[in-house]
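Counting from 1, the numbers follow the sequence of the chain as shown. Ligands are counted one by one from 1 in listed order, and the atoms in each one are counted from 1 as well.
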Amino acid sequence: MRIVVTGREGQVVRSLAERGDDIVPLGRPDLDLVAEPDVIVAAIEAVRPDVIVNAAAYTAVDKAESERDLAFAINERGAGAVARAANRLGVPLIHLSTDYVFSGDKPEPYVESDPTGPTGVYGASKLAGERAVLDAHDNAAVLRTAWVYSPFGGNFVKTMLRLARERDELGIVADQRGNPTSALDIADGVLAVAANLARSDDPALRGTFHMTAGGEATWAEFAEEIFAQSARSGGPSATVNRIATADYPTPARRPANSRLDCSRLREMHGVALPDWRQSTAAVVSRLLEPEPAIQGR
Ligand SMILES: NC(=O)C1=CN([C@@H]2O[C@H](COP(=O)(O)OP(=O)(O)OC[C@H]3O[C@@H](n4cnc5c(N)ncnc54)[C@H](OP(=O)(O)O)[C@@H]3O)[C@@H](O)[C@H]2O)C=CC1
Ligand SMILES: Cc1cn([C@H]2C[C@H](O)[C@@H](COP(=O)(O)OP(=O)(O)O[C@H]3O[C@@H](C)C(=O)[C@@H](O)[C@H]3O)O2)c(=O)[nH]c1=O
Ligand SMILES: [Mg+2]
């Protein structure tokens with residue numbers, strides 16, 4: 001089963017390339033999501049995929065506040081064009097979305113049918129993308145995940161390890177709660193969903209699903225766990241000072257609670273991702289491995 005994944009260096013596309021067999025990353029310059037929709041459709045059709053995964057996105061949450069047009073071009077129109085390609089080819093599409101489609105005002109974890117209410121441009125553009133995808137193609141699963149980290153690309157784990165090399169103490173917000181999720185686990189989940197979509201045309205396998213790691217944390221708790229794991233392996237660590245969102249001003253407002261209830265994915269697809277602490281340990285130890293020596297000559 002050939003799976004075309006949009007993007008090249010992104011966390012999820014690189015994790016899929018590592019975890020799957022016939023994965024074909026398709027990114028810039030061969031596929032640019034700001035191109036004309038017809039150009040996007042043609043680039044994907046040329047690879048003749050059995051399944052398409054849209055893992056490319058504009059993900060700079062703060063910068064999106066001042067780059068609204070670009071964020072919507074990629075996350076709404078680009079996603080819609082990818083869905084049009086899947087529709088033309090008659091193949092399933094898995095589209096990734098985010099916990100930031102929610103306002104964070106609900107005290108409990110969010111279920112798929114809860115009202116959305118993004119607090120910033122990134123979340124609004126991703127919500128528009130979900131709608132563009134589901135409008136263009138019935139044979140699609142939108143997987144909302146959250147707080148993604150991995151050995152690849154830019155993410156909170158890498159930022160924390162970098163900052164801990166520079167400073168002894170860090171102020172980290174302790175009043176935003178969510179589900180830190182490893183892109184490697186997301187890749188496993190996406191591959192399982194892809195197999196289900198390829199095997200069955202049951203409508204219950206289509207639509208919107210929440211897919212995050214087990215357990216929950218604040219950003220401060222996540223940072224503390226990263227440093228505990230790092231210290232255990234002789235890596236950098238720092239003291240975490242728990243601060244309030246108000247004491248860490250950012251251009252974009254973030255949800256106070258964006259925990260996602262993943263029961264629907266477990267019931268319909270039989271997929272449940274591992275607990276975040278165990279996956280954080282795996283990623284931290286990979287990031288602390290010494291760079292392999294350059295071979296030869
Ligand atoms: N990161 C996170 O914390 C979260 C991410 N998500 C969602 O999960 C998905 C995957 O995220 P993640 O892997 O972290 O993303 P990254 O930020 O790691 O990577 C973004 C990817 O999008 C590609 N991309 C950006 N602009 C374009 C463009 N114009 N044309 C083609 N490709 C483009 C990048 O291309 P290139 O390879 O050239 O750099 C890169 O491959 C996204 O839909 C995201 O919204 C959901 C929740 C949390
Ligand atoms: C670096 C740093 C961040 N923070 C806070 C800011 C913010 O509230 C929180 C996380 O910061 P980040 O900028 O890494 O995270 P952010 O970019 O908001 O991450 C989001 O990215 C998008 C793509 C998603 O889809 C979301 O699920 C989520 O993962 O930590 C501190 O409190 N202290 C610090 O030193
Ligand atoms: Mg960020």
Trainee: Starting from atom 13 (O) of ligand 1, find the nearest protein heavy-atom neighbour and note its residue, name and distance.
Mentor: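 For atom 13 (O) of ligand 1, the nearest protein heavy atom is V12 N, 2.9 Å.
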
Trainee: State the atoms of ligand 1, each with its element, that fall below the 4.0 Å cut-off from a heavy-atom position in G7.
Mentor: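 So the answer, numbered in order with elements, is 41 (O).
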
Trainee: Show which atoms of ligand 2 fall inside a sub-4.0 Å distance from at least one heavy-atom site of R254.
Mentor: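 Those qualifying, in numeric order: 7 (C), 8 (O), 13 (O), 16 (P), 17 (O), 18 (O).
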
Trainee: Can you tell me if CD on E18 sees more than 12 non-hydrogen neighbours from other groups inside 6.0 Å?
Mentor: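 Yes - once you tally the heavy atoms of other residues, nucleotides and ligands closer than 6.0 Å, there are more than 12.
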
Trainee: I'd like to know whether V53 forms a side chain to side chain contact (heavy atoms under 4.5 Å, CB included) with I23, so could you lay out the CA-CA distance, the side-chain angles of the two residues, the decisive distance to 0.1 Å, and finally the verdict.
Mentor: CA-CA 10 Å; V53 178; I23 305 292; over 6 Å; no

Trainee: When you look at NZ of K63, are more than 12 heavy atoms from neighbouring residues, nucleotides or ligands closer to it than 6.0 Å?
Mentor: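 Counting other residues, nucleotides and ligands, NZ of K63 stays at 12 neighbours or fewer.
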
Trainee: At under 4.0 Å between heavy atoms, which part of N75 makes contact with ligand 1: side chain, backbone, both or neither?
Mentor: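 For N75, no heavy atom sits under 4.0 Å from ligand 1.
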
Trainee: Report yes if some N/O of T159 lies less than 3.5 Å from some N/O of ligand 2; otherwise report no.
Mentor: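 No, no N or O pair falls under 3.5 Å.
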
Trainee: So, D62 and R254, do they make that salt bridge, N to O below 4.0 Å?
Mentor: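 Looking at R254 together with D62, the answer is yes, because their closest N to O distance falls below 4.0 Å.
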
Trainee: Would you indicate which of A55, A187, G27 comes nearest to atom 10 (C) of ligand 1 when only heavy atoms are counted?
Mentor: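 Going through A55, A187, G27 one by one, A55 has the nearest heavy atom to atom 10 (C) of ligand 1.
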
Trainee: Of all the heavy-atom pairs spanning V240 and A223, show the shortest one and how long it is.
Mentor: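 Taking every non-hydrogen atom into account, CG2-CB, 4.0 Å.
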
Trainee: Parallel under 30°, tilted from 30 to 60°, perpendicular over 60°: which one fits the rings of W147 and W219?
Mentor: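 Ring orientation of W147 relative to W219: parallel.
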
Trainee: With heavy-atom distances below 4.0 Å as the criterion, list the atoms of ligand 2 near A146.
Mentor: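 Per the distance check, 27 (O).
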
Trainee: Closest heavy-atom contact between T145 and I186?
Mentor: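 Taking T145 first and I186 second, the nearest heavy atoms are OG1-CD1, 3.5 Å.
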
Trainee: Please state which protein non-hydrogen atom is closest to atom 39 (O) of ligand 1 and give its distance, to 0.1 Å?
Mentor: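 Result: R28 NH2, 3.6 Å.
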
Trainee: Measure the distance from atom 46 (C) of ligand 1 to every protein heavy atom, then report the residue, atom name and distance (to 0.1 Å) of the closest one.
Mentor: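 The protein heavy atom lying closest is S97 O, 3.2 Å.
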
Trainee: Tell me which protein heavy atom sits closest to atom 20 (C) of ligand 1, plus the residue, atom name and distance to 0.1 Å.
Mentor: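 Answer for atom 20 (C) of ligand 1: A57 O, 3.6 Å.
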
Trainee: Whether the side chain of S285 engages the backbone of A282 through a donor-acceptor N/O pair (distance < 3.5 Å, no angle test) should be reported.
Mentor: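 Yes, S285 side chain to A282 backbone: donor-acceptor pair under 3.5 Å.
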
Trainee: Counting non-hydrogen protein atoms only, what is the nearest one to atom 31 (C) of ligand 1? Give residue, atom name and distance.
Mentor: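 The answer is L31 O, 3.4 Å.
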
Trainee: Are I94 and L197 packed together at the side-chain level, in the sense that at least one heavy-atom pair is separated by less than 4.5 angstrom?
Mentor: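 Side chain of I94 against side chain of L197, heavy atoms only: contact under 4.5 Å found.
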
Trainee: Anything under 30° is parallel, anything over 60° is perpendicular, the rest tilted; go ahead and classify H210 against F102.
Mentor: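 Perpendicular, since the angle between the ring planes exceeds 60°.
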
Trainee: Just to confirm my output: which protein heavy-atom neighbour is closest to atom 2 (C) of ligand 1, and how far is it?
Mentor: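 Of every protein heavy atom, V148 CB, 3.5 Å lies nearest to atom 2 (C) of ligand 1.
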
Trainee: Would you call E112-R144 a salt bridge at under 4.0 Å N-O?
Mentor: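 A salt bridge is absent here (no side-chain N lies under 4.0 Å from a carboxylate O).
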
Trainee: I need the contact type for K126 against ligand 1. Using non-hydrogen atoms and a strict under-4.0 Å cut-off, is it side chain, backbone, both or neither?
Mentor: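 For K126, the contact with ligand 1 is made by the side chain alone.
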
Trainee: How about CG on D201, more than 12 heavy atoms from neighbouring residues, nucleotides or ligands closer than 6.0 Å, or not?
Mentor: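 12 or below, so no.
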
Trainee: Can you sort out which atoms of ligand 1 are near A56, meaning under 4.0 Å from one of its heavy atoms?
Mentor: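 Going through ligand 1 atom by atom, the ones under 4.0 Å from A56 are 21 (C), 22 (O), 23 (C), 24 (N), 32 (N), 33 (C).
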
Trainee: Tell me whether ligand 2 is touched by D99 - counting only heavy atoms on the residue side and a distance under 4.0 Å.
Mentor: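 Distance cut 4.0 Å: D99 passes for ligand 2.
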
Trainee: Which one of F156, Y248, Y122 has a non-hydrogen atom at the shortest distance from atom 1 (C) of ligand 2?
Mentor: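 Looking at heavy atoms only, the winner is Y248.
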
Trainee: Considering non-hydrogen atoms of the protein only, which is the closest contact for atom 19 (O) of ligand 1, and what is the distance?
Mentor: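 Answer for atom 19 (O) of ligand 1: G10 CA, 3.2 Å.
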
Trainee: Decide, yes or no, whether a salt bridge links R177 with D99 under the criterion of side-chain N to carboxylate O below 4.0 Å.
Mentor: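 Looking at D99 together with R177, the answer is no, because their closest N to O distance does not fall below 4.0 Å.
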
Trainee: Near Q176, which atoms of ligand 2 are under 4.0 Å from a heavy atom of that residue?
Mentor: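 Answer for ligand 2: 8 (O).
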
Trainee: Quick test: of every protein heavy atom, which one is nearest to atom 30 (N) of ligand 1, and how far off is it to 0.1 Å?
Mentor: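 The answer is L33 N, 2.9 Å.
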
Trainee: Heavy-atom contacts with R8 under 4.0 Å: which atoms of ligand 1 show up? List them by number with element.
Mentor: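 Near R8, the atoms of ligand 1 are 37 (O), 41 (O).
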
Trainee: Any idea which atoms of ligand 2 are less than 4.0 Å away from a heavy-atom of T98?
Mentor: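 It comes down to these atoms of ligand 2: 24 (C), 25 (O), 26 (C), 27 (O).
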
Trainee: Any N or O of N54 that comes nearer than 3.5 Å to an N or O of ligand 1?
Mentor: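 Between N54 and ligand 1, no N or O pair is found under 3.5 Å apart.
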
Trainee: For ligand 2 and G171, I'd like to know whether there is a polar contact (N/O to N/O, distance under 3.5 Å).
Mentor: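 In this structure, G171 places an N or O atom under 3.5 Å from an N or O of ligand 2.
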
Trainee: I'd like to check which ligand 1 atoms, numbered from 1 as shown, lie under 4.0 Å from a non-hydrogen atom of A146.
Mentor: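 Close to A146: 47 (C), 48 (C).
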
Trainee: Could you say whether the N/O atoms of D99 and ligand 1 ever approach to under 3.5 Å?
Mentor: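 N/O-N/O distance below 3.5 Å does not exist for this pair.
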
Trainee: Do L265 and L260 share a hydrophobic cluster, counting only Ile, Leu, Val, Met, Phe, Trp and Tyr and linking them when any side-chain heavy atoms are less than 4.5 Å apart?
Mentor: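 Per the 4.5 Å side-chain linkage, L265 and L260 are not co-clustered.
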
Trainee: Look at the rings of Y122 and Y100 and say which category their plane angle falls in: under 30° parallel, 30 to 60° tilted, over 60° perpendicular.
Mentor: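 Taking Y100 first and then Y122, their aromatic rings stand perpendicular (interplane angle over 60°).
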
Trainee: Would you mind finding which of M211, R14, Q11, H95 brings a heavy atom closest to atom 14 (O) of ligand 1?
Mentor: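 Considering heavy atoms of M211, R14, Q11, H95, the nearest to atom 14 (O) of ligand 1 sits in Q11.
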
Trainee: Under a 4.5 Å cut-off applied to non-hydrogen side-chain atoms, are L134 and R206 in contact?
Mentor: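 Side-chain contact under 4.5 Å: no.
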
Trainee: Compare Y149, Y122, W147, F156 and give the one whose heavy atom is closest to atom 6 (N) of ligand 1.
Mentor: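 It is Y122 whose heavy atom sits nearest to atom 6 (N) of ligand 1.
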
Trainee: Which of the numbered atoms in ligand 1 are below 4.0 angstrom from a heavy atom of L96?
Mentor: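 So the atoms of ligand 1 that pass are 8 (O), 9 (C), 43 (O).
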
Trainee: I need the atoms of ligand 1 closer than 4.0 Å to a non-hydrogen atom of I74, numbered in the order shown.
Mentor: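 Here the atoms of ligand 1 in question are 26 (N), 29 (N).
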
Trainee: Side chain or backbone, does T59 bring an N or O within less than 3.5 Å of an N or O on ligand 2?
Mentor: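 Min N/O separation from ligand 2 is not below 3.5 Å for T59.
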
Trainee: Say whether T250 and ligand 2 are in contact under the criterion: heavy-atom distance to a ligand atom below 4.0 Å.
Mentor: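 T250 does not count as a contact of ligand 2 under the 4.0 Å cut-off.
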
Trainee: Decide whether the shortest distance between a heavy atom of T145 and an atom of ligand 1 is less than 4.0 Å.
Mentor: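 Yes.
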
Trainee: What do you reckon, is CG of D138 surrounded by more than 12 foreign heavy atoms closer than 6.0 Å?
Mentor: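 Open: at most 12 neighbouring heavy atoms sit under 6.0 Å from CG of D138.
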
Trainee: Do the non-hydrogen side-chain atoms of L205 and S200 ever get within less than 4.5 Å of each other?
Mentor: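 Sidechains of S200 and L205: in contact.
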
Trainee: Within a reach of under 6.0 Å around CG of D21, are more than 12 heavy atoms found that belong to other residues, nucleotides or ligands?
Mentor: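 It does not: D21 CG has 12 such atoms or fewer within range.
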
Trainee: In terms of atom number and element, which parts of ligand 2 are under 4.0 angstrom from non-hydrogen atoms of I172?
Mentor: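 Matching atoms, with element in brackets: 31 (C), 32 (O), 33 (N), 34 (C), 35 (O).
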
